[in-house]
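Before any comments, here is the structure.
Fair warning: this is a prediction, and the values are worked out from it, not measured in the lab.
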Protein chains: 2
Amino acid sequence: MTGSKTDPRVLRTRKLIMDSFIELSSEKEFKDITVKDITAEAMINRATFYYHFEDIYDLLDKALSEVLLINLDCNHYQNIELNEEMLVNIFKAVTNFQMSLSNRCHRGYEDTIARIIREQLEIIFYKVLLKQGLTGDMQALKITAVMLSWGLYGASVEWRRNSVGVKPEEFIKPAIPYIISRIDVGSTNETKE
Amino acid sequence: MTGSKTDPRVLRTRKLIMDSFIELSSEKEFKDITVKDITAEAMINRATFYYHFEDIYDLLDKALSEVLLINLDCNHYQNIELNEEMLVNIFKAVTNFQMSLSNRCHRGYEDTIARIIREQLEIIFYKVLLKQGLTGDMQALKITAVMLSWGLYGASVEWRRNSVGVKPEEFIKPAIPYIISRIDVGSTNETKE
DNA sequence: TTAAATGTGTTGTATAAACGACAAATCCAA
DNA sequence: TTGGATTTGTCGTTTATACAACACATTTAA
């Protein structure tokens, strides 16, 4: 997929930084983590950090994206259709991811995290919609992906607020038929009778 | 102790190489390990290997030295005198080290390993003898260290051949008084009555 | 035996990382 | 508020690593 091989030094250093950041995140909250802390933990030079990331927020962004992508097992969804099972799995991944974050006390950065999650969801949904060869134009697919990402994220917020006792899959399942039927219309005509 | 700080990149790379070599050593025997294998495992460039080591035998040498030094806990012996306890501990470290090696099937390289062990022992003995401020000239101390290293190593060979059932400390203890008394004569006059 | 394949050790060049220094920003206690 | 201390982001220079290419040695298979 990524045609040009990246320098192994870059991969090594990025991993060192990411791992150190995640390690530090489990020790103290984000606002108390400095770039110096990270580079000390990673045993790299501070200047090298700025070679790879704009600042610590850029690192936060990319680190969270990566963790979320692992949770979502993105490649796994490349080949399947947008059905109930997939939506349930993604919802489980999102709630699971958020629970793991709340243990790490990223207080005051919920907005950033929310944006990152939605962006990642949007990317995934857009890919899947494209794969399904829907007839609508690309702009329509994009907007659909946006709405799905916001919708799913919103559901996770609602779940966290009221229903953490309920299993995520049981929480989301009742709503899915309404979503799915809308999507399926206009594509394969496999609307559930 | 080592005044000049070494570049962290060097430390990282050396560790990568060493660890990869030890990892590979537990998978197959030395004669089947190539430089390419090591650099592939370590995810470094092959040319970088030759920046740090002359060849694979040089790596073997240094890797074994390091493992042995860890076993011997060299710094620990910097401050104490050459007494029975120290000799017993060193002998235990040597036998222990050799047993761990035999599990890794370095067949055909016993000579190299033997030489490395003796060299390390010699270094340690020489340091300790110097610390004790013996009156003899340095050349005499050097030769004493050589003889002690060969002697202790020879004892470990003897132990491996006949007495692996016997505990190393019990095996070596009876001989130590003869060694110690000779060393102590001419230094502090603390010969055991 | 030869020929192909694989491994070794070296070299030249490009680039990532280390390092020290710096001004500016931010924090924090007096 | 002030002033010292810490952090941030950047820069120029030096050094370590990546990479491709090379001749040569060793192994392997035909």
Worksheet item: Do R9(B) side-chain and dA17(C) base share a donor-acceptor contact under 3.5 Å?
Response: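 Such a pair is found, so the answer is yes.
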Discussion item. Angle between the two end axes of the helix from dT1(C)-dA30(D) to dA30(C)-dT1(D), five base pairs per end, rounded to 10 degrees?
Written reply: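 Inter-axis angle at the ends, rounded: 50°.
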Item to complete: Mind listing the residues from residues 11-18 of chain A sitting with a heavy atom below 4.0 Å of DNA chain C? Number order is fine.
Response: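 T13(A), in order of number.
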Worksheet item: Hey, which of these two, D37(A) or D7(B), hits DNA chain D nearer its 5' end, going by closest nucleotide?
Response: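 First, find each residue's nearest nucleotide; the 5'-ward one identifies D37(A).
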Fill in: Donor-acceptor contact below 3.5 Å, side chain N89(B) vs main chain M86(B)
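Looks like no, no N/O pair under 3.5 Å.
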Worksheet item: Can you find a side chain N or O atom of Y51(A) that sits less than 4.0 Å from OP1 or OP2 on dA17(C)?
Response: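 Answer is no, no contact under 4.0 Å.
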Discussion item. Let me confirm one number: the OG1-CZ distance from T144(B) to F125(B), rounded to the nearest 0.5 Å.
Written reply: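 CZ of F125(B) is found 11.0 Å from OG1 of T144(B).
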Item to complete: Nearest 0.5 Å please: distance from the CG atom of L152(B) over to the CZ atom of R118(B).
Response: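 One gets 12.0 Å once the value is rounded to the nearest 0.5 Å.
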Kindly list each side-chain donor-acceptor pair under 3.5 angstrom involving residues 39-50 of chain B, sequence neighbours excluded, with atom names and distances?
{"unit_1": "T39(B)", "atom_1": "OG1", "unit_2": "V35(B)", "atom_2": "O", "d": "3.2"}
{"unit_1": "T39(B)", "atom_1": "OG1", "unit_2": "K36(B)", "atom_2": "O", "d": "3.1"}
{"unit_1": "N45(B)", "atom_1": "OD1", "unit_2": "A47(B)", "atom_2": "N", "d": "3.0"}

Worksheet item: K167(B): what forms a side chain to side chain contact (heavy atoms under 4.5 Å, CB included) with it, not counting sequence neighbours?
Response: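 Scan of K167(B) (side chain to side chain contact (heavy atoms under 4.5 Å, CB included), adjacent residues dropped) gives E169(B), E170(B).
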Practice prompt. Would you please name every residue forming a side chain to side chain contact (heavy atoms under 4.5 Å, CB included) with L11(B), sequence neighbours left out?
Written response: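 If we apply the side chain to side chain contact (heavy atoms under 4.5 Å, CB included) test to L11(B), skipping adjacent residues, the hits are T6(B).
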Discussion item. Suppose we screen for salt bridge (Lys or Arg N to Asp or Glu O under 4.0 Å). Which residues come up paired with D58(B), at least two apart in sequence or across chains?
Written reply: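 K62(B).
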Worksheet entry | Residues that R9(B) engages under salt bridge (Lys or Arg N to Asp or Glu O under 4.0 Å), provided they are two or more places apart |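 Expected list: D7(B).
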Worksheet item: Which pairs, with at least one residue in residues 146-158 of chain B and sequence neighbours excluded, count as a salt bridge (Lys or Arg N to Asp or Glu O under 4.0 Å)?
Response: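 Listed by first then second residue: E158(B)-R161(B).
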Worksheet item: Can you give the first and last nucleotides of DNA chain D, 5' to 3', that have an atom under 4.0 Å from a heavy atom of chain A?
Response: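 Taking any atom under 4.0 Å from a heavy atom of chain A, the span is dT7(D) to dC19(D).
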Fill in: For the student: nearest non-hydrogen atoms of F171(A) and A155(A), plus distance
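The answer is CE2-O, 3.5 Å.
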Fill in: Residue pair L16(A) / R12(B): nearest heavy atoms and the distance that separates them
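So the two residues come closest at CD1-CD, 3.9 Å.
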Fill in: For M147(A), the rest of its hydrophobic cluster, which grows through side-chain links under 4.5 angstrom
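Traced through the cluster, M147(A) reaches I143(A).
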Item to complete: Please go through V10(A)'s hydrophobic cluster and name the other residues, only I, L, V, M, F, W, Y counting, with side-chain heavy atoms under 4.5 Å joining them.
Response: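 Its cluster mates, by chain and number: none.
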Discussion item. Heavy-atom nearest nucleotide on DNA chain C for N45(A) versus K36(B): which residue maps closer to 5'?
Written reply: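 First, find each residue's nearest nucleotide; the 5'-ward one identifies K36(B).
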Discussion item. Between P on dT15(C) and NE2 on H52(A), what's the gap in Å once rounded to a whole number?
Written reply: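 Distance, rounded to whole Å: 15 Å.
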Every protein N/O within reach of nucleotides 9-13 of chain C N/O, cut-off under 3.5 Å:
{"unit_1": "dG9(C)", "atom_1": "OP2", "unit_2": "Y50(B)", "atom_2": "OH", "d": "3.1"}
{"unit_1": "dG9(C)", "atom_1": "N7", "unit_2": "R46(B)", "atom_2": "NH1", "d": "3.0"}
{"unit_1": "dG9(C)", "atom_1": "O6", "unit_2": "R46(B)", "atom_2": "NH2", "d": "2.9"}

